Amino acid sequence: MPASPAPGTSFTRPVVAVFPARRTTVTVTPMSSLLENGRSHDCGALRHADVGATVVLFGWVHRRRDHGALIFINLRDRFGITQVVIDPDLAPAAHAAAAVLRGEFCIAVAGVVVSRGDNINAQMPTGEIEVSLRELEVFSSADVLPFNVADDAELDATETHRLKYRYLDLRRPSLQKNFVLRSRLATLTRLTLAEAGFLELETPYMVKYTPGGARNFLVPSRLNPGQFYALAESPQIFKQLFMVAGMDKYFQICRCFRDEDLRNDRQPEFTQIDVEISYATPERVQAPIEALIRRAWKDILGAELPQQFPRMTWAEAMARYGSDKPDTRFGLEFIDLKDIVAESGFRMFTGAPFVKGLCVGPEHSEALTRGRLDKLTELVKKRESGGAKGLAWARVQADGSWQSPLAKNLSAELVAAINARMGALPGSVLLIIADDFHVTHQALNALRLELRDSLDLVARAGRSPWQFLWVTDFPLFERTDKGYVSSHHPFTSPRAVDLPLLDSDPAQVLAQAYDLVLNGNEIGGGSIRIHRSDVQAKVFAVLGLSEAQIQHKFGFLLEAFRYGPPPHGGIALGLDRISMLMAGATSLRDVIAFPKTQKGTDLMTGCPSGADDEQLAELFIRQAPPEGT
RNA sequence: GGGGUGGUAGUUAAGUCGGUUAUAACGCCGGCCUGUCACGCCGGAGGUCGCGGGUUCGAGCCCCGUCCGCCCCGCCA
């Protein structure tokens, strides 16, 4: 660390000035502007070893405590906070100048590092020292703030204000921390993948409009009247063409645009870590991703992750957790009862294709009062929780019998069999849903996640706080009223063993697709792609695409695949979501510097906005009159 | 497209059954204070109760409409 500010090149005549310092006499370059010479340290750097040094710090007035004579300033930048003490006996001019200082003024201070003696603040990394002010410059003043920046308490400002004055929100240390983390993650991504032989390549944001899938943002083309570019919803096709082009291994930290409704964890533009490799198998795609994640968690969070992340098929995830992105930080897995209850004669059970339940052990079940069970029943009946017809519950008594609305309908033998299957103990509470596949699993999943939160199951399970999971072997298609649609996208390869099923039973075809799940959040997804034109043709046929549609949307890709495409596959990771989870944030907005509101607007800039008639005319766009006029 | 919730001082919130001058904390302004660190003490200013309409003797509060934020469903190949 330099003991004094680096001399500025603009000063031809270094002048010696003697500060009337109490502990030391120091030599500095006096300057018309402290800015010219630059700061000697950031606001988080100084320690006890620096006592005696003459320093120049720049930053914002985080807090000011004016004792009339002594004034204390906490000076803040993104590196930390340093206390500045202003003593009228030592620096009368600076003391007089400091009278004007208020919160968030941007200032320069020059002074001497002194020990705080008995007044150490153990809460601050710089708490053993303070800077005794000799010279003060105010770069800029600040109006009364629209919200309290210094307090750093999220509840201190509503979302509206935070977004309107985003540049102030971003000054808060908690958000600064998030963006430091995000930057490190991006840097590690580039380092790790480049070291593994990946090329960082760019793909266009302005691409061909292809209806189907996510809605596109459209950009009118002035040079091509009446025609539009679409903003890329993903680099999917281009990265596959990179493989045809022989790039072998590609990655990109890439913005994607989707004009869909927003959520807490969904923004209209978001950032992907996009990866594609030639001669891929799922394992060859997953391995470098795991290496990247492991390195990021270790370097940024200091967390050791397992050498290999667990794998689970989609079918198993659905059967055990009712979700394709299960939270495996705790147990409470689904237990299948169908075979036991098949002969029960109880219509609620015999009439449903699926009968499954959860067993809340006696150590967790105290909180499940009758009132709470009624609330859970309401929950599973909600449409967004699956819309189950009801929830069968039972409290297991000391003798194994049930306290339950169902008790009188079921034989003692059946109760005993269910207890045994579910591992019920005295005091356990059993929650059972009987319905079709979709409702049973969705309702039990909603129930499981609700119990996770209300019974604090994650903390009480005592597992590692970072539970990664690869979910594999997704169905290739989903059946809708209008026929089959791709679960992932139409270039996803079926498993080789399932190829015959493309003709006979497409619903049974499983894909070479994989999602990376962290603590119940999908943070990435990918697949092995189809590189055989005959397989691609069959998939398009199942999807019901006409030859004309195929040629229009993907003609250039299929044409490219006529010229020796290598087998290939890849993945895309959600950089925003990963940053959010690493930062412990609960909203994507806390890791995106300038996010949009739920209606897709920017409260700070006022976008989107209208355009003037001249420009619209150039683009051959005419506005339709609003409805009702 | 649908469901929920919120909008009151610069900020965050309280505001009872519809009833006197709309309340508190922080911030702001002024004064005092030489070891604070969310400094303290004294005093003060500050309001289009989101906007528009209605009911009423009287509306922050009730009704209708509307705008905006947030959460969720649908949607997100």
Side-chain angles (χ1 to χ4, degrees), chain A residues 62-76 81-90 95 102-104 114-124 126-127 130 132 142-165 168 210-216 233-234 236-237 256-268 270 382-387 442 446 474 476-478 480 484-492 511 513 522 525 527 539-540 543 545 553-554 572 574 586-587 589 595-599 601 603 606:
Chain A
H62 186 69
R63 238 176 261 283
R64 149 182 165 271
R65 294 177 292 278
D66 184 347
H67 289 231
L70 276 186
I71 300 173
F72 297 96
I73 299 289
N74 282 1
L75 192 67
R76 184 198 73 237
I81 295 176
T82 298
Q83 175 166 285
V84 178
V85 60
I86 307 171
D87 186 332
D89 300 338
L90 299 175
H95 184 268
R102 294 294 183 272
E104 301 306 314
V114 297
S115 167
R116 290 211 207 174
D118 294 335
N119 299 311
I120 284 173
N121 183 341
Q123 312 299 314
M124 302 171 70
T126 62
E130 61 194 350
S132 180
D143 285 351
V144 174
L145 292 149
F147 57 86
N148 194 334
V149 173
D151 261 3
D152 201 24
E154 232 163 287
L155 294 177
D156 239 32
T158 50
E159 202 75 27
T160 312
H161 282 91
R162 292 181 55 196
L163 292 174
K164 181 169 180 188
Y165 302 97
L168 292 178
T210 55
R215 285 190 195 87
N216 291 110
E233 60 197 58
S234 111
Q236 181 62 37
I237 290 176
C256 300
F257 306 86
R258 293 181 190 176
D259 188 10
E260 295 294 342
D261 285 9
L262 308 180
R263 289 281 191 286
N264 185 25
D265 60 351
R266 259 192 257 160
Q267 283 276 315
F270 59 96
K382 282 188 191 170
R383 194 165 54 102
E384 60 264 32
S385 310
Q442 191 176 350
F474 284 75
L476 189 62
F477 303 107
E478 281 169 34
T480 71
Y484 290 106
V485 296
S486 293
S487 305
H488 191 42
H489 57 57
F491 319 114
T492 303
E522 180 194 336
S527 65
V539 168
F540 283 148
L543 294 172
L545 293 177
K553 293 171 78 167
F554 311 118
T586 52
S587 166
R589 290 185 299 274
K596 305 283 193 289
T597 70
Q598 196 157 34
K599 281 193 70 182
T601 65
L603 295 179

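Quick note on labels: first sequence line is chain A, next is B, and so on, each numbered from 1. Treat the numbers as computed from the prediction; the structure is a model and nothing was measured.
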Could you tell me whether the side chain of A/R266 has a donor or acceptor atom within less than 3.5 Å of a complementary atom in the base of B/C75? yes

Interatomic distance at P, B/C29 relative to B/C67, whole Å: 39 Å

Of the nucleotides B/C37, B/C75, B/C73, which has the atom closest to the A/N74 side chain? B/C37

With the side chain defined as heavy atoms from C-beta on, A/T160 is closest, among B/G69, B/C75, B/G74, to B/G69

B/G27 base to A/R102 side chain: any donor-acceptor pair below 3.5 Å? no

What residues form a side-chain contact (heavy atoms from CB on, under 4.5 Å) with A/H95, not counting sequence neighbours? A/I71, A/I86, A/P88

Quick one: list whatever passes side-chain contact (heavy atoms from CB on, under 4.5 Å) with A/E384, sequence neighbours left out. A/K382

Can you tell me the Watson-Crick or wobble partner of B/G43, both distances under 3.5 angstrom? B/C29

Contacts of type ring-ring contact (aromatic ring centres under 6.0 Å, His included), residue A/F72, not counting sequence neighbours: A/H67

Measure distances between side-chain N and O atoms of A/D118 and base N and O atoms of B/G35, and say whether any donor-acceptor pair falls under 3.5 Å. no

Quick one: is B/C39 close enough that its OP1 or OP2 comes under 4.0 Å of any side-chain N or O from A/R65? yes

With sequence neighbours left out, write down each residue that passes side-chain contact (heavy atoms from CB on, under 4.5 Å) with A/P595, or none if nothing qualifies. A/L163, A/R166, A/Q267, A/R589, A/I592

Separation between the C1' atoms of B/G15 and B/U20, rounded to whole Å: 16 Å

Heavy-atom pair with the smallest gap, counting every atom of A/C256 and A/S234: SG-CA, 3.9 Å

Would you measure the distance from the P atom in B/G7 across to the matching atom in B/U12 and give it in whole Å? 11 Å

Of A/Q123 and A/V85, the one whose closest RNA chain B nucleotide lies more 5': A/V85

For A/E260, salt bridge (charged side-chain N to carboxylate O under 4.0 Å, His left out) partners two or more places apart: A/R215

Would you state whether a donor and an acceptor, one from the side chain of A/R63 and one from the base of B/C37, lie under 3.5 Å apart? no

Tell me which of A/L70 and A/L262 sits closer to the 5' end of RNA chain B, going by the nucleotide each one is nearest to. A/L70

Can you see if the side chain of A/N148 gets near the phosphate of B/C26 - specifically, an N or O under 4.0 Å from OP1 or OP2? no

Would you please confirm or rule out a distance under 4.0 Å between OP1 or OP2 of B/G69 and any side-chain N or O of A/T601? yes

Extract from the structure each pairing of a protein N or O with an N or O of nucleotides 31-33 of chain B at less than 3.5 Å, listing the distance.
{"from": "B/C33", "atom 1": "N1", "to": "A/H67", "atom 2": "O", "distance (Å)": "3.4"}
{"from": "B/C33", "atom 1": "N3", "to": "A/D66", "atom 2": "O", "distance (Å)": "3.2"}
{"from": "B/C33", "atom 1": "N3", "to": "A/H67", "atom 2": "O", "distance (Å)": "3.4"}
{"from": "B/C33", "atom 1": "N3", "to": "A/G68", "atom 2": "N", "distance (Å)": "3.3"}
{"from": "B/C33", "atom 1": "N4", "to": "A/D66", "atom 2": "O", "distance (Å)": "3.4"}
{"from": "B/C33", "atom 1": "N4", "to": "A/G68", "atom 2": "N", "distance (Å)": "3.1"}

In this structure, CZ of A/R116 is separated from CE of A/M124 (nearest 0.5 Å) by 5.5 Å

Using atom names, set out every protein N or O paired with an N or O of nucleotides 3-10 of chain B below 3.5 Å, distance rounded to 0.1 Å.
{"from": "B/G10", "atom 1": "O2'", "to": "A/L145", "atom 2": "O", "distance (Å)": "3.4"}

Under 3.5 Å, is there an N or O donor on one side and an acceptor on the other linking the side chain of A/R116 and the base of B/C37? yes

Using the test ring-ring contact (aromatic ring centres under 6.0 Å, His included), find all partners of A/Y484 that sit at least two apart in sequence or belong to another chain. A/F477

Regarding A/E130, tell me which of base, sugar-phosphate or nothing describes its non-hydrogen contacts under 4.0 Å with the strands shown. base

Between A/K382 and B/C73, is there a contact of a side-chain N or O with OP1 or OP2 at under 4.0 Å? no

Could you tell me the separation between the CZ atom of A/F554 and the CZ atom of A/F540, rounded to the nearest 0.5 Å? 5.0 Å

Where the side chain of A/Q83 is concerned, which of B/G35, B/U34, B/C73 is the nearest nucleotide? B/G35

I'd like to check the side-chain contact (heavy atoms from CB on, under 4.5 Å) partners of A/A142; sequence neighbours left out, ordered by chain and number. A/E104, A/F105

At 4.0 Å (heavy atoms only), tell me whether A/Q598 reaches a base, stays on the sugar-phosphate, or touches nothing. base

Base, sugar-phosphate or nothing for A/N119? Non-hydrogen atoms, less than 4.0 Å. base

